[in-house]
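Just so you know, these numbers use all the heavy atoms, side chains as well, and skip hydrogens, waters and symmetry mates. Numbers restart at 1 for each chain; the letters A, B, ... are given by sequence-line order, proteins then strands.
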2 protein chains.
Amino acid sequence: MATLSTPAPTPAPTPTSPPGAVACSNCNLRELCLPMGFTPDEFARLDALVATRLTLKRGETLFRSGDPFRALYAVRTGFFKTRIGSEDGRDQVTGFQMAGELLGLDGISSDQHNCDAVALEHSQVCVIPFSQLETLSRGFPELQRQFHKIMSREIVRDHGVMMLLGSMRAEERLAAFLLNLSHRLKARGFSPSALLLRMSREEIGTYLGLTLETVSRCFSRFQEDGILEVRQRQVSIVDQTTLERLVSGASA
Amino acid sequence: MATLSTPAPTPAPTPTSPPGAVACSNCNLRELCLPMGFTPDEFARLDALVATRLTLKRGETLFRSGDPFRALYAVRTGFFKTRIGSEDGRDQVTGFQMAGELLGLDGISSDQHNCDAVALEHSQVCVIPFSQLETLSRGFPELQRQFHKIMSREIVRDHGVMMLLGSMRAEERLAAFLLNLSHRLKARGFSPSALLLRMSREEIGTYLGLTLETVSRCFSRFQEDGILEVRQRQVSIVDQTTLERLVSGASA
DNA sequence: CGGAGAATTGACCAGGATCAATTGAAGTGG
DNA sequence: CCACTTCAATTGATCCTGGTCAATTCTCCG
């Protein structure tokens, strides 16, 4: 089940390891990535940890299920999806990741990645060698705690998706999805109402446990009801209140 | 939406902190709980960490969403479910936990628990004070690594549930659920084919994103097809191969 | 033995899936 | 610069899985 066209044979992502420029200590994402009050010395140690950067073009894969696990990746710019696939070809999108979010946590369990991470647009990630992260965090309680919180947050997020998939109807799912995107964009200083979707209807559907047709129909209905304005992947949230009421089950 | 009867007002679980007896070092679950080759000295430090034990009766709650998070809990004996609830009353069972499995990982993210953990039968858990676990693991790389693997495994498990909820049909979901139970029982030395379900049809349904009627009907159909033998909560797997084929999407 | 909750089963309905056609947008090469 | 290709999105018609409502039946306890 192809999800994103990859016309060229898609070689490995270009390893742009030129350091020099941006470091954690003056990265504008550091509040999202590792929101703690670190000292300058601690930042220096972080900067040493995160030395490499990777650039990926739209459609390229950061890692695949089965690849040996060596590092986590922090999204610097761009947008990703992660997906797992079953034997019989069906696949499930397990998440969409934007700037400041971490990729690869699932690989720790078995020393190999358990999902595919695909760039949905031109993207850049910071490479965090995992064994070094573990070493550093042993002498650095705040970092340790922060890392544990990030893993736990991923578990909580997954439970939210389970609730969405297990007990919400189509419209509620899409509403929850849009509001979630909106919140995350707002937290990054973008407009919470003007969304530019980076993924196709099919990818949304595969995430929400719906078909692409159902997703499209829901978009249309929301537009008719004056909740959204939809022009392809350009979506404006017109009536956030109603959207929120939808998620809570009130069929408003 | 009541899931388990709790006739008595259910006070806090009885805190049986009598140490002395069983310690991690000679716990027969240690392969499941912390499967590493620890030295005697390392075991001694673990034993000091896990000093308290709690006993819960069927229907009692170990922790609730919103409770302050202070410890993780390792199931020693018994069976639990975890659930999250939405504002409008719908709840979602996020997992069933048996001996050797950890409860409470979701609480790390926000310093308070994000789900309810309910004992489905008389159960005993080991209390693992979290800040002590973090402290200990800073001087104890194998423990640190093991803990990270456990968290990551939970993420991988959740992704599996997302795939189940997002892309499987009712029969496939129930088949996957039963096979999962079977594997976990086998890993604990129990029969992988004779299952005694600790949860109601409704709880299974709430976990699998189905109604209790659908769960019941699937059980009946599996019995008609000679895949299972079902007598209430006493379920025998007769034809494991067909069950496995069901999960892979081949409609047998 | 009687009552309460759990499970089964049936009848009916509806939310989404499926199949299929059409429109729309974006990139390609003449 | 425009026809052509290709893929994404929309929309319609129909079907089917699983939800809903309701009636028994079965267990387990008090």
Under 3.5 Å donor-acceptor, B:R217 side chain and B:L212 backbone: no

Ring geometry between B:H113 and B:F69 (parallel below 30°, tilted from 30 to 60°, perpendicular above 60°): perpendicular

Interatomic distance where CG belongs to A:L197 and C1' belongs to D:dA9 [whole Å]: 12 Å

Polar-atom pairs under 3.5 Å, protein N or O versus N or O of nucleotides 28-30 of chain D: list them with distances, or write none.
none

Test item: side-chain donor near acceptor, B:Q240 and B:S193, under 3.5 Å: no

Residue list, side chain to side chain contact (heavy atoms under 4.5 Å, CB included) with A:E171, at least two apart or on another chain: A:C218, A:R221, A:F222, A:L246

Check: B:H122 and B:L56 side chains under 4.5 Å, non-hydrogen atoms: no

Separation of atom CD in B:E202 from atom C1' in D:dG19, rounded to whole Å: 14 Å

Any A:R201 side-chain nitrogen or oxygen under 4.0 Å from OP1 or OP2 of D:dT10: yes

Pairs where residues 222-231 of chain B contributes a residue and the test side-chain hydrogen bond (donor to acceptor under 3.5 Å, both in side chains) is met, not counting sequence neighbours: none

Close side-chain approach of A:E172 to A:S167, heavy-atom, < 4.5 Å: no

d(CZ, A:R231; C1', C:dG24) in whole Å: 14 Å

Relative orientation of the end axes in the helix from C:dC1-D:dG30 to C:dG30-D:dC1, expressed as an angle to the nearest 10° (five pairs per end): 40°

Protein-nucleotide distance (B:L208, atom CG; D:dG19, atom C1'), rounded to Å: 15 Å

Kindly list each side-chain donor-acceptor pair under 3.5 angstrom involving residues 158-166 of chain A, sequence neighbours excluded, with atom names and distances?
unit_1 : atom_1 : unit_2 : atom_2 : d
A:D158 : OD2    : B:H159 : NE2    : 3.4
A:H159 : NE2    : B:D158 : OD2    : 3.4

Salt-bridge present (A:E121, A:R58; N to O < 4.0 Å): no

DNA chain C contacts made by residues 211-224 of chain A, counting heavy atoms under 4.0 Å: A:T211, A:E213, A:T214, A:R217

Donor-acceptor contact present, side-chain B:D116 to main-chain B:S65, <3.5 Å: yes

